[in-house]
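To start, the structure itself, in structure tokens.
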Number of protein chains: 2
Amino acid sequence: MSKHAKEMGILKEHLENHQLKFTRQRELILDAFLKQEHITAEEMYHQLARKDPHLGLATIYRTLNLFCEAGLAQARHFGTQTQYDNVSHKGHHDHLICTGCGKIVEFENCDIERLQEEVATKNGFTITTHRLELYGLCSRCRH
Amino acid sequence: MSKHAKEMGILKEHLENHQLKFTRQRELILDAFLKQEHITAEEMYHQLARKDPHLGLATIYRTLNLFCEAGLAQARHFGTQTQYDNVSHKGHHDHLICTGCGKIVEFENCDIERLQEEVATKNGFTITTHRLELYGLCSRCRH
DNA sequence: TTCTTTTTGATATAGTTTATCAATTTCAAA
DNA sequence: TTTGAAATTGATAAACTATATCAAAAAGAA
């Protein structure tokens with residue numbers, strides 16, 4: 001049994017529910033993906049080229065987008081590229097980012113999460129995930 | 001005197017401090033920009049094409065990036081395009097995004113903003129800006 | 001006005017992601 | 001196990017966004 005049995009199960013269920021097929025490539029890409037916190041399609045392409053030189057870039061893109069639909073990944077536009085975040089690694093923490101030195105502090109705040117739910121409900125939405133990033137200066141950079 | 005005298009002043013000061021010149025195009029683009037909460041370069045290109053058909057797309061990009069440097073605008077990667085947010089528009093709004101149909105609802109929540117400040121202060125940060133995106137399904141896509 | 005520097009518009013280029021399509025693979029049914 | 005319809009893949013073309021290039025035009029100080 002694989003180390004990633006749970007996520008593999010989520011993927012298989014998604015595939016079944018959408019008349020999609022379980023392939024060697026999808027298994028390979030999921031295994032590689034779950035080892036990362038986040039990765040770009042290009043990075044994964046080069047990383048997997050060693051294991052399977054014939055794995056095409058288009059397949060990587062298609063598969064990572066599939067993972068997003070299955071709820072295993074989350075796309076995030078960063079600079080000019082798209083980062084695919086590993087949702088299972090992520091937990092529920094948000095980020096404080098210092099624009100001076102690049103320092104990143106993770107935090108969790110239940111009250112904020114509760115208010116987010118409130119806003120969503122008020123607008124008829126059901127939240128599956130979210131992203132909160134606070135940009136500013138840390139104490140050292142402010143001086 | 002223009003309706004956007006304050007922002008025009010900020011731009012002119014930035015231009016002077018950087019040996020840049022005040023041009024008809026920069027004035028035109030700033031006027032159009034300040035009427036929006038946020039806009040893409042492409043949208044602005046089409047919008048201004050009616051007033052000045054010869055205004056090039058490259059100039060729009062250059063100028064919007066200039067506004068970012070002057071602190072008048074803020075770039076935000078959204079979907080495949082870059083949104084240029086109007087900073088002078090005080091009520092910073094956040095986004096509810098439907099992963100089913102792509103529908104986007106803007107919202108504002110003072111309580112959330114207050115809690116964000118709290119978190120930042122606790123960690124020694126001073127927030128200059130933030131990004132909050134809630135992903136989920138709208139009422140129509142849930143059914 | 002003159003002259004130097006910056007800017008502009010048109011377009012080429014770079015870089016990322018998606019579309020296309022013949023060949024291959026999957027998987028359920030026979 | 002074999003068959004066959006449907007989905008997937010790999011290679012590559014195409015679409016798209018944003019930046020680079022460069023001759024011509026405009027800005028602004030002298």
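Note: hydrogens, waters and symmetry copies are ignored here, and every other heavy atom, side chains too, is used. Convention: sequence-line order gives letters A, B, ...; per-chain numbering from 1.
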Are OP1 or OP2 of [N] and a side-chain N or O of [X] less than 4.0 angstrom apart?
| X | N | value |
| --- | --- | --- |
| H77(A) | dT17(D) | no |
| T82(A) | dT16(C) | no |
| Y61(A) | dT17(C) | yes |
| T59(B) | dT8(C) | no |

Considering only [options], which nucleotide approaches the side chain of [X] most closely?
| X | options | result |
| --- | --- | --- |
| A58(A) | dT26(C), dG28(D), dT12(D) | dT12(D) |
| Q25(B) | dC27(C), dT17(D), dG9(C) | dG9(C) |
| K21(B) | dT8(C), dT16(C), dT6(C) | dT6(C) |

Is the distance between the ring centroids of F33(A) and F67(A) less than 6.0 Å? yes
Could you tell me whether D94(A) and R131(A) have a side-chain N and a carboxylate O separated by less than 4.0 Å?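 Salt bridge: no.
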Rounded to whole angstroms, how far apart are [atom1] on [X] and [atom2] on [N]?
| X | N | atom1 | atom2 | answer |
| --- | --- | --- | --- | --- |
| R26(B) | dA25(D) | CZ | C1' | 14 Å |
| H14(A) | dA7(D) | NE2 | P | 14 Å |
| Q19(B) | dA29(D) | CD | C1' | 13 Å |
| N65(B) | dT7(C) | CG | P | 14 Å |
| I29(B) | dT8(C) | CD1 | P | 7 Å |
| L28(B) | dA26(D) | CG | P | 15 Å |
| L55(B) | dA25(D) | CG | P | 17 Å |
| R24(B) | dG9(C) | CZ | C1' | 11 Å |

If we ignore hydrogens and angles and just use 3.5 Å, is the side chain of E16(A) paired with the main-chain N or O of E13(A) as donor and acceptor? no
Under 4.0 Å, heavy atoms only, any strand: does E42(A) hit a base, just the sugar-phosphate, or nothing? nothing
Taking any heavy-atom pair under 4.0 Å as a contact, classify R62(B): base, sugar-phosphate, or nothing. base
T40(A) or L20(B), whichever maps to the more 5' nucleotide of DNA chain C: L20(B)
Between T80(B) and Y45(B), who's closer to the 5' end of DNA chain C by nearest nucleotide? Y45(B)
Pair E133(A)-Y135(A), side-chain donor/acceptor within less than 3.5 Å: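 Yes, Y135(A) and E133(A) have a side-chain donor paired with an acceptor closer than 3.5 Å.
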Below 4.5 Å, heavy atoms only, C-beta onward: do D111(B) and R114(B) meet side chain to side chain? yes
Using the closest heavy atom to pick a nucleotide of DNA chain D for each, name whichever of L57(A) or T23(B) lands nearer the 5' end.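 The residue closer to the strand's 5' end, by nearest nucleotide, is L57(A).
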